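Reviewing the structure listed below.
Note: hydrogens, waters and symmetry copies are ignored here, and every other heavy atom, side chains too, is used. Please read all numbers here as calculations on a predicted model, not as lab measurements.
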Amino acid sequence: MGLQKQEVLAQLQQGSFDIIRAADPSSLKELAALGPEAPFYAGLKLFKLGDKERAIAALSTGTESLPLWAEQTRYKTLIPLLIETKQTETALDLMKKLGKQAQYREQNWYRSLLTETYFAGEQYKEIVNLQKTYTAVSMDLRERGLVLFSRLALEPENKNILTEIQNFFFTGSISDIQRDLFAKIQQAPHIYLPQTVVDAIRGRLYIADRSYGDALYYLKQALSRNRYLFEAYLELLSDLGKAYQYSGAAKEGIRLFIDWDATIVSGQNTKALITSGDKNEIRFKLFFYAARMARQIKAPSDALNYFYKALPLAPDPQQRDACIWYILDTSLETEEKDFAATLESLIPIWFDPSYFDDLLDKICTSYTTNHKWQELLRVFKIIYQKADSPTKARYAYILARAFTESYLSPSEELEFLGFSSESKPAAIAERLYTIAFDTDKASYYYRSLAAAFLGTKLQVIPGKTDESDEKNKISTSGDEKSLMAYLAGYFTWGCADIALPYILEYREQLKPEEIRWLAALFGSSGRWGEQIQLIYRALLNRKDYTLQRADFELLYPLPFRDLMEPIAKQHRIPLEIFYGLVRSESAFVPDVTSHAGAKGLTQLMLATAKDAAWRIKRAGGPDFAITDAKDLENPETNLYIGAWYLAYLIERTGSPLLALASYNGGMTRVRNWKNSQSKLVEDLFLETIPITETREYSRKVLGAAAVYGYLYFNMSMEAVFADIFPVQQHPLEAR
């Protein structure tokens, strides 16, 4: 490459790959002089940068002494690249050479790649012979599909193979792998599918893309040729229902589905390709989607009629829950007076309470907005023993506040909690706050608020221990072939930005301390977003594992403190809230862009940032001269303007809570919402905000602020909330 070894090494390890992107591909074999792993990591980075030619050149170099995990990743990247660039013979030679080693030949990933290579070379007989000693259980979805298509190419008239292919495409939800394989067989010269099957697959793909008009066209084509295909594969029938529902043809769909049910009841369907799905399951789908279509055209009475007909036909608890959800949601919108009775009649047959969280959240928001405290209490009584714990905590906290603020009076409805109409409101409120506080899966937001009102401490984060940091250090120097050495190599060779998916591939094999160590490497590389993601995805839901304080410190890191602390102090913003905001907005990724175009650490819209920068300069502050969104990637610029804007919102709204809601939902809208709820205290006003995202955003920032206050700023979690809301110490004792 014409440069000194140390110069190339230094640039790669710092994450700069410009030098090899400018090099002649044939010269990349020189990377091996830096170490056998250098071409491997460089090749992966080039692949992620879209430089296929140089990626192939690098990954084809220096294969000796790589760990097994690196070799696997190398081939899983290189072989598809060779196939994509029409170098199938080269790919096949590499796979055959690799197959001479038993340690690779016995691996599932090797067989899967060899199958892919044979298929690209139209060597269908080789694929069938290769798979004879394996069961379908050992194959992944892609390999299973390639084997089926190879068999079809060899036996195009075999109806059993065609049935298996229909099972492949019409069972379960359709995936990107199936999409890719369908495109392959459409181009393959020796593989043909019946037009009905092709149309049905196209319809399913358009459903996945939410192109419902196109989906309906192709599904109707398939339906006109073979109605029984839709009875044999109920996912196909569901897709037809969605196509009618969302394409503007709901009335036509209702007529079709109800007439279809009549033919089944009369015994006219006798030709279904698969008989395992009984008539009741088919009828459930017909009524269920007819009901959804009726909702679409604002015919709630018809919708409820069809949903109730579908309910006893539900083939499993999950589909029964779906039907119940729609009955409750339709009842809430049309028969609100009778909603509680409907809920009470159906809740005994719920299967998964978490399935109804969004519906119960909607009810809670509606009743709080309309000050229907007694109705809210009745719903809480009904769901108390059944609801998911986060939902229970929200209801309990809101009702506690209603009693605290005298919005709600004691009644006989409280017998389920051991109270009567003669009980003291303060005692009832205390019991409800305790329910919210004790609900272990509830958000930090409700638990911290409840703790503040109870005058107690929320201890969800382990305290500091005397354990030495040395105990948790991981060393990779002893075994260069270890899994940890392979994963650490991504950071050594400047590939931290592509490391996360490769690490997550082995999350089940890694010990908590190893995950923690790798997460810290992300932080050391300035990639706090990936640090947070790794702990969330690899540790947070790990069975029988309790998060340690070190895990919380990785989940809630403290980057940019040299910038954020003085900026927060200058703008009189509590530092814990500033950190909660930045973590919630960007996960500390300076160049992140939202789907709406917000940019940087505090997620500023360009127009907002320009206006704020002008106001800051006019008031004698720094001149940031914002010209385009790229300027907002600068951490100092973005943090200063974001802090100024939050302080401005606090001043204009008079409240940190209203400021946070305005930061997400806009100040004018928040003011209008607050004016319509002028009699509600602020924390209950938050529960009435009609935009779910804004409600959840405010809670999320404050919940994160509570964690930051506890971890780093010598605050209890509840103290963060006590500083924001009108919470006195032991407030219930005075009531």
Side-chain angles (χ1 to χ4, degrees), residues 28-47 52 55-144 146-147 150 476-490 492-493 495 501-503 505-506 508-510:
L28 294 185
K29 60 181 180 292
E30 298 174 25
L31 287 170
L34 304 178
E37 69 274 23
F40 165 71
Y41 290 108
L44 291 183
K45 185 63 175 275
L46 289 164
F47 168 67
K52 297 176 185 178
I56 290 171
L59 291 169
S60 300
T61 301
T63 63
E64 297 79 13
S65 303
L66 282 179
L68 178 65
W69 299 277
E71 276 289 82
Q72 174 180 332
T73 301
R74 171 180 176 261
Y75 278 96
K76 287 169 73 173
T77 308
L78 177 59
I79 297 302
L81 268 176
L82 289 170
I83 293 172
E84 184 182 347
T85 54
K86 310 300 182 185
Q87 300 179 63
T88 305
E89 288 300 322
T90 302
L92 190 56
D93 289 344
L94 281 173
M95 292 303 297
K96 287 181 176 179
K97 181 180 178 181
L98 190 66
K100 293 178 181 179
Q101 303 177 56
Q103 62 174 335
Y104 295 114
R105 190 171 60 248
E106 296 171 359
Q107 297 289 323
N108 285 343
W109 65 266
Y110 169 78
R111 189 191 68 243
S112 181
L113 279 178
L114 184 58
T115 300
E116 182 91 24
T117 311
Y118 278 143
F119 192 85
E122 299 177 23
Q123 298 186 33
Y124 306 124
K125 188 174 291 186
E126 295 288 349
I127 292 174
V128 173
N129 290 335
L130 176 66
Q131 306 300 333
K132 283 180 179 177
T133 57
Y134 298 96
T135 65
V137 175
S138 67
M139 302 181 202
D140 60 24
L141 182 66
R142 187 177 193 84
E143 187 179 4
R144 241 179 31 245
L146 292 174
V147 172
S150 300
T476 62
S477 58
D479 185 1
E480 294 181 355
K481 294 294 186 75
S482 72
L483 173 59
M484 287 301 291
Y486 156 64
L487 296 176
Y490 286 95
T492 303
W493 289 97
C495 295
Y502 297 106
I503 294 173
E505 188 176 350
Y506 298 99
E508 299 301 326
Q509 297 172 231
L510 295 170

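The shortest heavy-atom contact between T88 and G121 is CG2-N, 3.8 Å. Contact between F40 and R74 at its shortest, heavy atoms only, is CE1-N, 3.6 Å. Shown here for A55 and F47, the closest heavy-atom pair between the two residues is CB-N, 3.6 Å. In terms of heavy-atom proximity, G99 sits nearest to R105 at O-NH1, 2.6 Å.
Here CG of L78 is found 10.0 Å from CE of M95. Values are rounded to the nearest 0.5 Å. Rounding to the nearest 0.5 Å places CZ of R111 at 10.5 Å from CG of L113. The CG atom of L487 sits 11.0 Å away from atom OG1 of T492, with the distance rounded to the nearest 0.5 Å. In this structure, the separation between NZ on K125 and OG on S150 is 12.5 Å, given to the nearest 0.5 Å. K52 contributes atom NZ, which lies 13.5 Å from atom CG of L46 (distance to the nearest 0.5 angstrom). The structure places OH of Y124 at 10.0 Å from CG of L146, a figure rounded to the nearest 0.5 Å.
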Quiz item: Between L483 and L510, is a side-chain contact (heavy atoms from CB on, under 4.5 Å) present by the stated rule, with each step listed?
Solution: CA-CA 9 Å; L483 173 59; L510 295 170; 3.9 Å; yes
Exercise. Before giving the answer on side-chain contact (heavy atoms from CB on, under 4.5 Å), spell out for L114 and I79 the whole-Å C-alpha distance, their side-chain angles and the decisive distance to 0.1 Å.
Key: CA-CA 9 Å; L114 184 58; I79 297 302; over 6 Å; no
Quiz item: When you look at I56 and Q87, which way does the side-chain contact (heavy atoms from CB on, under 4.5 Å) test go after all the steps?
Solution: CA-CA 11 Å; I56 290 171; Q87 300 179 63; 3.7 Å; yes
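Side chain of T85 to backbone of L82: a donor-acceptor contact under 3.5 angstrom is found.
Between P39 and L59 there is no side-chain heavy-atom pair separated by less than 4.5 Å. Side chains of Q123 and L92 form a contact here, defined as non-hydrogen atoms less than 4.5 Å apart. Residues E116 and E143 have side chains not in contact (no heavy-atom distance under 4.5 Å, counting atoms from C-beta outward). Residues V147 and V128 fail the side-chain proximity criterion, which asks for heavy atoms closer than 4.5 Å. Between W493 and L44 there is no side-chain heavy-atom pair separated by less than 4.5 Å. The closest side-chain heavy-atom distance from N108 to D140 is not below 4.5 Å.
We find that E71 and K76 are not joined by a salt bridge, their nearest charged nitrogen and carboxylate oxygen being 4.0 Å or further apart.
The distance between the ring centers of Y490 and Y486 falls below 6.0 angstrom.
Under the side chain to side chain contact (heavy atoms under 4.5 Å, CB included) test applied with Y75, the options Y110, W109, Y104 reduce to a single match, W109.
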